[in-house]
Amino acid sequence: MPLLTGAEPYHHEGGEAAVLLCHGFTGSPQSLRPWAEHLAEHGLTVSLPLLPGHGTRWEDLRVTGWEDWYAEVDRELRLLRDRCARVFVAGLSMGGALALRLAARHGDAVSGVVVVNPANRVHGVAAHALPVLRHLVPATKGIASDIAKPSVEELGYDRVPLHAAHSLRTFLRLLDGELPQVTQPLLLLRSPQDHVVPPADSARILGRVSSLDVTEVLLEQSYHVATLDHDAERIFRESTAFIGRLAPGAVKEPGLGKEGTTTGG
């Protein structure tokens with residue numbers, strides 16, 4: 001299937017410090033593209049991959065699982081490590097969960113973690129019925145575009161395939177057990193008014209990681225997809241400052257980096 005316009009992955013060859021950005025469940029790189037471009041403008045190498053099953057039609061997501069999504073970001077991290085001295089991982093929602101697992105699994109190969117409204121569990125009564133329900137009902141209503149800012153939309157599916165939701169639930173339960181292995185500096189940004197991921201998820205993550213350098217920022221004006229919402233610029237500033245503090249000299253003034261590329265497929 002052809003990619004939806006705007007769902008293309010994004011890559012930028014910058015300096016010796018890199019950021020791997022991970023988008024959310026049923027979403028696409030579009031939700032993180034402004035963030036990626038901001039980081040690129042400040043001289044950082046940036047990779048924003050398209051996760052398998054995303055960016056086309058929801059039926060394609062139905063035949064993928066968490067192992068596919070994680071394998072994609074794991075591969076990107078290894079590629080970045082081959083050519084960059086420092087690599088940071090970041091993500092939105094499920095993308096935040098993927099970033100946290102990368103940190104847990106790769107240890108010192110990850111210099112820091114930035115997560116926005118990270119997911120820790122699949123909520124709702126139906127979540128417990130997913131093992132059976134997924135065989136009876138193919139999909140339920142979508143979760144995309146939880147955004148307070150008027151006239152802004154997230155490019156995501158309008159349906160959630162339950163086979164994929166079941167796999168996400170399995171992944172989040174696995175990650176929860178691995179969170180104590182996260183020791184890197186952590187910047188967690190969350191929206192108190194989030195209609196997809198409740199505050200309890202961030203609280204659980206903050207309570208289980210072993211990081212000693214932890215910063216929590218509240219995004220008071222935004223809903224779940226805060227990277228496209230009123231607080232987007234604050235996310236960009238906070239993450240750039242976080243990286244600059246941990247990798248002195250890595251963040252440049254805008255206009256001094258190399259050109260970025262958008263790639264499909």
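Values reported hereafter were calculated over all heavy atoms of this structure, with side chains retained and with hydrogens, waters and symmetry mates removed. A quick note: this is a predicted structure, and the numbers were derived from the prediction, not measured. Sequence positions, counted from 1, serve as the residue numbers for this chain.
- Between the side chain of T170 and the backbone N or O of H166 there is at least one donor-acceptor pair closer than 3.5 Å.
- Using a 4.5 Å cut-off on side-chain heavy atoms (C-beta onward), V73 and S47 make no contact.
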Would V217 and R234 satisfy side-chain contact (heavy atoms from CB on, under 4.5 Å), going step by step from the backbone distance to the final call?
CA-CA 9 Å; V217 175; R234 184 174 187 190; 3.4 Å; yes
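- Rounding to the nearest 0.5 angstrom, the gap separating the CG atom in L175 from the CD atom in Q181 is 9.5 Å.
- Under a hydrophobic clustering in which Ile, Leu, Val, Met, Phe, Trp and Tyr are joined whenever their side-chain heavy atoms come within less than 4.5 Å, directly or via other members, L218 and L92 fall into different clusters.
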Evaluation steps, side-chain contact (heavy atoms from CB on, under 4.5 Å), between H230 and E220
CA-CA 9 Å; H230 293 293; E220 299 282 2; over 6 Å; no
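- Using a 4.5 Å cut-off between side-chain heavy atoms of Ile, Leu, Val, Met, Phe, Trp and Tyr, with links allowed through other members, L50 and V63 fall into different hydrophobic clusters.
- Contact record, L21 with L32: CB-CD1, 4.1 Å, taken as the closest heavy-atom pair.
- Grouping the Ile, Leu, Val, Met, Phe, Trp and Tyr side chains by contacts below 4.5 angstrom, directly or via other members, places L39 apart from L79.
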side-chain contact (heavy atoms from CB on, under 4.5 Å) between V87 and V110, worked out
CA-CA 5 Å; V87 180; V110 172; 5.8 Å; no
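- No more than 12 heavy-atom neighbours from other residues, nucleotides or ligands sit within 6.0 angstrom of CG on D108.
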From CA spacing to verdict: side-chain contact (heavy atoms from CB on, under 4.5 Å), V115, L189:
CA-CA 6 Å; V115 292; L189 306 103; over 6 Å; no
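- W58 and T26 share no side-chain donor-acceptor pair at under 3.5 Å.
- Contact check on E233 versus R237 returns no salt bridge, with no Lys/Arg side-chain nitrogen under 4.0 Å from an Asp/Glu carboxylate oxygen.
- Using modelled atom types, one finds a donor on one side chain and an acceptor on the other under 3.5 Å when comparing S191 with N117.
- Shown here for A103 and V113, the closest heavy-atom pair between the two residues is CB-CG2, 3.6 Å.
- In this structure, CD in E216 is found 10.5 Å from CD1 in I205, a value given to the nearest 0.5 Å.
- At least one donor-acceptor pair closer than 3.5 Å links the side chain of D146 to the backbone N or O of H195.
- Proximity of V122 to L168: side-chain heavy atoms (C-beta onward) are separated by under 4.5 Å at one or more points.
- Within the 4.5 Å cutoff, the side chain of W35 has heavy atoms near those of the V114 side chain.
- In terms of modelled atom types and a separation under 3.5 Å, the side chain of S210 and the main chain of P180 share a donor-acceptor contact.
- Side-chain contact between L186 and T215 is absent, with no heavy atoms from C-beta onward closer than 4.5 Å.
- For the pair A104 and E178, the tightest heavy-atom approach, listed with the atom from each and the gap, is CB-O, 3.7 Å.
- R159 CZ to R62 CZ: the interatomic distance, rounded to the nearest 0.5 Å, is 11.0 Å.
- Checked for salt-bridge contact, E72 and R75 meet the test: a charged N lies under 4.0 Å from a carboxylate O.
- When atom types are taken as modelled, the side chain of S202 and the backbone of R190 share no donor-acceptor pair closer than 3.5 angstrom.
- None of L228, D194, D229, I147 except one satisfies the side chain to side chain contact (heavy atoms under 4.5 Å, CB included) rule with Y223; the exception is D229.
- Using a 4.0 Å cut-off between charged nitrogen and carboxylate oxygen, E13 and R83 count as a salt-bridge pair.
- Here the closest heavy-atom approach between residue G142 and residue V160 is recorded as CA-CG2, 3.8 Å.
- Of the charged side-chain nitrogens involved, none lies within less than 4.0 Å of a carboxylate oxygen, so that R86 and E16 do not count as a salt-bridged pair.
- Judged by distance alone, with hydrogens and angles left aside, the side-chain atoms of E41 form no donor-acceptor pair with the main-chain N or O of P254 at under 3.5 Å.
- For the residue pair W69 and L51, the shortest heavy atom distance occurs at O-CD2, 3.8 Å.
- Under the 3.5 Å distance criterion, the side-chain polar atoms of S211 are left unmatched by any main-chain donor or acceptor of P185.
- A single hydrophobic cluster is not seen to contain both L4 and L61; linkage of ILVMFWY side chains at heavy-atom distances under 4.5 Å, directly or through other members, places them apart.
- Interatomic distance, M94 CE to N120 CG, rounded to the nearest 0.5 Å: 14.0 Å.
- Inter-residue side-chain proximity for L172 and D176 is flagged as unmet; no heavy-atom pair is nearer than 4.5 Å.
- In this structure, H23 and S93 have side chains that are not in contact, with every pair of non-hydrogen atoms separated by 4.5 Å or more.
- Of the possible polar contacts, none joining the H163 side chain to the P161 backbone as a donor-acceptor pair under 3.5 Å is found.
- Taking the six-membered ring for Trp and the full ring otherwise, the centers of W66 and F171 sit less than 6.0 Å from each other.
- Between H42 and K252, the closest side-chain pair of non-hydrogen atoms is not below 4.5 Å.
- Cation-pi geometry between R57 and Y157 is not satisfied (NZ or CZ under 6.0 Å from the ring centre, within 45° of the ring normal).
- Heavy atoms only, all atoms of each residue included: D231 and Q221 are closest at OD2-N, 2.9 Å.
- A side-chain donor-acceptor contact under 3.5 Å links T227 to the backbone of S31.
- Taking the charged nitrogens against the carboxylate oxygens, R121 and D201 have no contact shorter than 4.0 Å, which rules out a salt bridge.
- Counting non-hydrogen atoms of other residues, nucleotides and ligands closer than 6.0 Å to CD of E153 gives a total of 12 or fewer.
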Check the pair K141, D158 against salt bridge (charged side-chain N to carboxylate O under 4.0 Å, His left out), reporting the backbone distance first and the verdict last.
CA-CA 6 Å; K141 66 179 181 179; D158 60 1; over 6 Å; no
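- A donor and an acceptor atom, one from each side chain of T45 and H12, are nowhere located under 3.5 Å apart.
- A salt bridge links D213 and R245; the closest N-O separation between the charged side-chain nitrogens and carboxylate oxygens is under 4.0 Å.
- In this structure, the side chain of Q184 does not engage the main chain of G112 through any donor-acceptor pair within 3.5 Å.
- Side chains of L44 and F88 form no contact here, defined as non-hydrogen atoms less than 4.5 Å apart.
- In this structure, CG on L155 lies 8.5 Å from CD on E8, to the nearest 0.5 angstrom.
- The CD atom of E238 sits 6.5 Å away from the CG atom of L187 when rounded to the nearest 0.5 Å.
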